[in-house]
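Any value given below was found using the heavy atoms of this structure, including those in side chains, with hydrogens, waters and symmetry copies removed. In this chain, numbering begins with 1 at the start of the sequence shown. Note that ligands are numbered from 1 as they come in the structure, with each ligand's atoms numbered from 1 the same way.
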Amino acid sequence: MGKLIIRGGVPLRGEVNISGAKNSVVAVIPAAILVDDPCTIENVPDISDVRMLLDILNEMGAETYLDDNGVLVINTQHLKSSVATYDMVKSLRASYYLLGSLLGRFKKAEVAFPGGCDFGYRPIDQHIKGFEALGAKVELDRGIVKLEAEKLVGCQIYMDVVSVGATINVMLAAVKAEGITVIENAAKEPHVVDVANFLNAMGANIKGAGTDVIKIKGVSNLTGGVSHSIIPDQIEAGTFMIAAAATKGDVLVKNVIPKHMESLSAKLIEMNVKVEDGGDWIRVIGTDDIQRANIKTLPYPGFPTDLHPPACLLLCLAEGTSTITEGIWDLRFQYVDELKRMGALIKVEGRMAVVEGVKRLSGAPVKAVDLRAGAAVVIAGLVAEGETEVYNIDYIERGYEKFEHKLRNLGARITKVEE
Ligand code: EPU
C-alpha cells in the first residue's frame, strides 16, 4: 500500500479529462453475463474495482481483455459457474450485481453477501424483494445469497427506498423474464440509464430508465456484438470541480455531461464560485470569497452523497457557518475527524454536520477512511499549508483513475510513495 505526499497551496490550473463512470461500469460488466456473444465496452476506467470484477469473472470462466485505451472485450459464453464465493467478492461491494445477472442467465445464483461497508450497513432487502417478486426462491446460507427460479415472470415492484443497486439488479434479472416488469420508485441516477442503454443495445426492451417508473418487457434472447461506451463519471467530475474551487484555481473539466452536474454546479454558483459549461465541458474558476451554504444529499437529481465529503471540505473554506445533511448513508461522517486534524471546525449532530469556515488548514498525516473521504482529504491537502500525508490510498484507487497523475497535470505538488 502506498501513501500520497502533498505540498499544498497551489491553485489547480489547466484541463482534466474525466474517465468512465465507476458506478456504471461495475454494473455494465456483470450485465454482459446475460449474453453469450462477446461485447465491447469502451471508456472503461482503470481502477481497482474494475480489475477485481474482471478477476471474479475470469475465475468463473469468462474471457476478458482490457487494453490500455480503456476498451474491454468480454466473452461470457463459457461461464462455467453461477457461484461467487466470499473470497472472490469480499472486497467489492458492487459484486451484488452478479446476483441479478446470474439469475437472469442461469435462473440461479450463489453470491456471497459482501457485508457492511465503511459508512454504514448496506442492506439488500429491496434487491431480494425484487428477485422474489420475479419468482426466485431466496435463501441466505452462511453468508451466501442463494437464488433459484424455475422461471422468471414479469411483475410490478414498488421499491420502499430509492436504491440504485436494487433498481439495476431487478432490471438485470427481468430483461429475459416472461412478460412485463414494472419498477416503481426506481432510482434515476445516470448510471441506471447507462445500464439500460447497454441492455437495450443488446436487444432488451427497457423503457423509462431515468424516471421513477421503469418498464421492462422481457425478451427471450439478447445478442452481443455490441459496443457500448461508459458515460463520464459524475462523481470524479464533481471531485475535480470542487478541487478547482477549493484551491481557488481555474480548471476545464472535459468529457462530462453538464446536465449530470447540475446540483453541484448550482451549489458552487450559490457559494460564489464561477461555473461555465458547454456541450461536454465545465469550467470552474475559484474565488477568494467562498460563501457559506447548506447542502443535503439526496437521490439523483439531488446533491449526490458521493460528493458529500469533498463538498464538506469546501464548506470548511467558506465564510460563515454552513451545514451538510446526509440523506442516504448512516455513517458518512467518519472523514470529519481527519479534516479536524488539519484544522477544520466541524461538529456532527446526527445526520447533519455544522461547519464553521476557517481561514486556513494545515498539513497533517491523515487517512482515507473510504473512497470519497479519501478524495476529501486529498483536496484538503492541496489547500493546506505545509505537507499532508494521505494513508490508506487503496480506497482512492478503487474508484479514481490516475488521481494523483491528473492532479499533478493541473499543477498540484503530489507524489505517490510506495510503501
Ligand atoms: N437500501 C435499502 N435496501 C436495499 C438497498 C438500499 O434500505 O435493498 C438503502 C441503503 O441503506 C441506502 C439507500 O437505500 O440508505 C440507497 O442505497 P443504494 O442501493 O442506492 O446504494 P448502492 O446501490 O449500494 C450506489 C453506489 C454508491 C452510492 C449509492 C447512493 C454503486 C456501486 N455504488 O450504492 O457509491 O453512494 O449508490 O447513490 O453504484 C461510491 O461510489 O463511493 C459509492 C459508495
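Within the model, atoms OG of Ser163 and CG of Asn169 stand 8.5 Å from one another, a figure rounded to the nearest 0.5 Å.
Close contacts of ligand 1 with Thr305, meaning ligand atoms under 4.0 Å from a residue heavy atom, involve 30 (C), 36 (O), 38 (O). Residue Gly165 has at least one heavy-atom neighbour below 4.0 Å for each of these atoms of ligand 1: 19 (O), 23 (O). If you number the atoms of ligand 1 from 1 as listed, the ones under 4.0 Å from a heavy atom of Gln126 come out as 3 (N), 4 (C), 8 (O). Of all the atoms in ligand 1, the ones that sit under 4.0 Å from a non-hydrogen atom of Ile328 are 12 (C), 13 (C), 15 (O), 16 (C). Each of the following atoms of ligand 1 lies closer than 4.0 Å to a heavy atom of Leu371: 42 (O). Against a heavy-atom cut-off of under 4.0 Å, Val164 is close to the following atoms of ligand 1: 18 (P), 19 (O), 20 (O), 23 (O), 37 (O). Distances below 4.0 Å separate heavy atoms of Lys22 from the following atoms of ligand 1: 40 (C), 41 (O).
Residues Asn294 and Thr323 bring a donor and an acceptor atom of their side chains to less than 3.5 Å of each other. Inspection of the Gln156 and Glu184 side chains reveals an N or O donor paired with an N or O acceptor under 3.5 Å. In summary, the side chains of Thr76 and Arg105 do present a donor paired with an acceptor at a separation below 3.5 Å, with no hydrogens or angles considered. No side-chain donor-acceptor contact under 3.5 Å links Ser229 and Asn43.
The closest approach between Tyr300 and ligand 1 stays at or above 4.0 Å for every heavy atom of the residue. Within the structure, ligand 1 lacks Ile128 among the residues with a heavy atom less than 4.0 angstrom away. Ligand 1 lies nowhere less than 4.0 angstrom from a heavy atom belonging to Gly399.
Checked for salt-bridge contact, Glu418 and Lys416 meet the test: a charged N lies under 4.0 Å from a carboxylate O. Note on Arg332 versus Asp306: salt bridge recorded, some NZ/NE/NH1/NH2 to OD/OE distance being below 4.0 Å.
With a 4.0 Å heavy-atom cut-off, ligand 1 is reached by the backbone of Val162 but not by any atom from C-beta on.
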### Message
As a quick check of understanding, evaluate ring-ring contact (aromatic ring centres under 6.0 Å, His included) for Phe303 and His308, giving each step before the final call.
### Response
CA-CA 8 Å; Phe303 194 95; His308 162 164; 8.7 Å; no

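Exactly one of Glu404, Glu387, Glu389, Glu397 qualifies for a salt bridge (Lys or Arg N to Asp or Glu O under 4.0 Å) with Lys3. That residue is Glu389.
Between Arg372 and ligand 1, an N or O atom pair is found at a separation short of 3.5 Å.
Taking all heavy atoms of Asp49, Asp125, Thr297, Asn23 into account, the minimum distance to atom 3 (N) of ligand 1 is reached by Asp125.
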